[in-house]
2 protein chains.
Amino acid sequence: MAGDVVQLDDLLATLDRTGPMPLYFQVSSAIERAIRSGEIAPGARLENEIAIAQRLGLSRPTIRRAMEELVDKGLLVRRRGIGTQVVQGQVTRQVELTSLYEDLQNSHHAPGTRVLVHDTRPADDATAAALSVPAGSDVVYLRRQRSTDGVPVAVLVNYLPPDFADITTDQLEAKGLYQILRARGVTIRVANQRIGARRAHGDEGELLDIDKGGPVLTMERVAYDASGRAVEFGHHCYRPDMYSFETTLVAK
Amino acid sequence: MAGDVVQLDDLLATLDRTGPMPLYFQVSSAIERAIRSGEIAPGARLENEIAIAQRLGLSRPTIRRAMEELVDKGLLVRRRGIGTQVVQGQVTRQVELTSLYEDLQNSHHAPGTRVLVHDTRPADDATAAALSVPAGSDVVYLRRQRSTDGVPVAVLVNYLPPDFADITTDQLEAKGLYQILRARGVTIRVANQRIGARRAHGDEGELLDIDKGGPVLTMERVAYDASGRAVEFGHHCYRPDMYSFETTLVAK
DNA sequence: AAGTGGTCTAGACCACAAT
DNA sequence: TTGTGGTCTAGACCACTTA
């Protein structure tokens, strides 16, 4: 029963061994594109690793690495003794490590930012613990209203370590926080976040243009840079009819 | 500056090459335990891969595999030319691919289930699409109230393919859905989920013991088994003061 | 220049599932 | 018995960072 096994000849032509893009990434990207475009149907079986490796002139570990990438993304399912299959059902994108600003940009909307508060203040205990700074020491405090196409989407509260005190309000109105950090050489690598819900408090109802006491989606996040240092602590609330979190989970 | 580099001698004694547990997993588990217990401090640098490999008598790829495991869990951060460091800040557990029942069990509470509805009915369009069954064909419908220590936590609505029609209400009262599926040889491998918020509808306020129209946290999930087939579609709502979703995100 | 992780190769043996 | 993915080895070369 090798009839409905998908072969991957077209990939051969596009492999580039001179550029900086890893071979395993070229392979996984090509397969991912084929799956998302429907060229490879949901449920289809792929050739085995060794056959693909020979066909593409690559080693088996390189192909394995490409496959693992796609398993982690929830696009493929593998079973020992059986083979590799494409997952049924429409594929949704991952929750990625981006700021809301970039999320909105990527969905082809025009994000807007209004900076409500931007100052430096002593950290409360929770913030000091999250950012690993001494309790009561100064941190940067931000409160912003985020909108898309003129409709308010979220109220964002952030705390940053004091060495980011020179970020300007103008920068914050023009770009996403993560973009500003990246331009300063700070890239976010890891984040812990908690998603919940509650009633809108204080002026949130007004800022989000929803009923007072209406439901909001909340997210708390502590983000770490490439050296493992905490660089951002935030607690945000979102208009639930404008935003939700999508995830793909893969059992290990 | 090799002064504050953590060495990993203790691991050597515990390596077992006879059992079924992979070596890379033994290594990553031991390091994970050391990090979570505080034996290795946040921010600490680890030895380089080759040194660890030699020290433990393993090959470099095996050590790499162990490290990758920990990077994916958000415990380690690696930089080319620099080294490997433990992430700062307290480590939170992953959102895993478990049912709410198991979540509550693992947090040492006594989960309870009340089956509100359990029947077979024609699938509406959204359900049929999610489960990849013909529109209007019969599916299993479940509505359950989940509580912990007597306090209501969630109202769970699930749709299952028709071959699960023989699951009994008694089974559902006694165990989590995923445990029942696993006992039938069905293991969940991949799931797509969306988390949001809204007002409580209909009898949800009563069932969750919250104010009518109060906020609830919602989750929609489509889960797939090892062959990539959709085996569960659910939309649930949670009492926001009793439940939230924690995630660790890692940039790729 | 030295040290680090990132990629890649070419094999080997094993556990598991189907036939 | 055959075919599959899972694990493991022992190297090699490269890109990047720091000194």
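No hydrogens, no waters, no symmetry mates; every other heavy atom, side chains included, goes into these values. Per chain, numbering begins at 1; letters A, B, ... match sequence-line order.
- Judged as a salt bridge (charged side-chain N to carboxylate O under 4.0 Å, His left out), the pairs with a partner in residues 22-35 of chain B (not counting sequence neighbours) are, in order, B:Glu32-B:Arg36, B:Glu32-B:Lys73.
- In the set C:dC8, D:dC8, C:dG6, C:dC8 carries the atom at the smallest distance from any side-chain atom of A:Pro22.
- Atoms CZ (B:Arg64) and C1' (C:dC8) sit 11 Å apart, rounded to a whole Å.
- Every residue was checked against the side chain to side chain donor-acceptor pair (under 3.5 Å) condition with B:Ser132, not counting sequence neighbours, and none meets it.
- Taking atom CZ of residue B:Arg17 and atom P of nucleotide C:dC14, one finds them 13 Å apart after rounding to whole Å.
- OP1 or OP2 of D:dT7 lies within a sub-4.0 Å distance of a side-chain N or O belonging to B:Tyr24.
- Among pairs with a residue in residues 21-30 of chain A, those fulfilling side chain to side chain donor-acceptor pair (under 3.5 Å) read A:Tyr24-A:Arg65, at least two apart in sequence or across chains.
- The nucleotide whose nearest atom lies closest to any side-chain atom of A:Arg65 is, among C:dT7, C:dT9, D:dC8, C:dT7.
- To the nearest angstrom, P of D:dA10 lies 14 Å from CG of B:Leu56.
- Here B:Ile50 lies out of heavy-atom contact (under 4.0 Å) with every strand.
- A:Phe164 is linked by a ring pair (Phe, Tyr, Trp, His ring centres under 6.0 Å) to nothing, counting only residues two or more places apart in sequence or in another chain.
- When the P atom of C:dC8 is taken as reference, atom CZ of A:Phe25 falls 12 Å away, rounded to whole Å.
- The side chain of B:Thr84 sits closest to C:dG5 out of D:dT7, C:dA10, C:dG5.
- Rounded to an integer number of Å, the gap from B:Arg45 CZ to C:dG3 P is 12 Å.
- Between B:Asp163 and B:Arg184 no salt bridge is recorded (no basic side-chain N to carboxylate O distance below 4.0 Å).
- Seen from the ring of A:Tyr224, A:Arg189 does not count as a face-on cation partner, given the 6.0 Å and 45° thresholds.
- Between A:Met67 and B:Arg60, the residue anchored nearer the 5' end of DNA chain D, judged by the nucleotide with its closest heavy atom, is A:Met67.
- The A:Pro61 side chain lies nearest to C:dG11 when the options are C:dG6, C:dG11, C:dC8.
- Of the candidate nucleotides D:dT7, C:dT7, C:dG5, C:dG5 has the atom lying nearest to any side-chain atom of B:Asn48.
- Contact annotation: the side chain of A:Leu172 approaches that of A:His118 to within less than 4.5 Å [non-hydrogen atoms, C-beta and beyond].
- Taking atom CD of residue A:Glu68 and atom P of nucleotide C:dC8, one finds them 13 Å apart after rounding to whole Å.
- Here the side chain of B:Glu49 is nearest to one of D:dC8, C:dG5, D:dG5, namely C:dG5.
- For B:Arg78, the listed nucleotide lying nearest its side chain is C:dG6; candidates were D:dT7, D:dA10, C:dG6.
- Remark: P of D:dG3 and CD of A:Gln54 are 13 Å apart, rounded to the nearest angstrom.
- Atom C1' of nucleotide C:dG3 and atom CG of B:Leu46 are separated by 16 Å, given to the nearest angstrom.
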Check residues 76-85 of chain B and write down every donor-acceptor pair under 3.5 Å in which the side-chain atom is one partner and the other belongs to a residue at least two apart or another chain.
residue : atom : partner  : partner atom : Å
B:Arg78 : NE   : B:Thr84  : OG1          : 3.0
B:Arg78 : NH1  : B:Glu49  : OE2          : 2.8
B:Arg78 : NH2  : B:Glu49  : OE2          : 3.0
B:Arg78 : NH2  : B:Thr84  : OG1          : 3.2
B:Arg79 : NE   : A:Ala226 : O            : 3.4
B:Arg79 : NH2  : B:Gln85  : OE1          : 3.2
B:Gln85 : NE2  : B:Gly43  : O            : 3.4

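- Put simply, B:Thr62 has a side-chain N or O that comes within less than 4.0 Å of OP1 or OP2 on D:dT9.
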Dump every N/O contact between nucleotides 15-19 of chain D and the protein below 3.5 Å, one line per pair.
residue : atom : partner : partner atom : Å
D:dA15  : O4'  : B:Arg80 : NH1          : 3.4

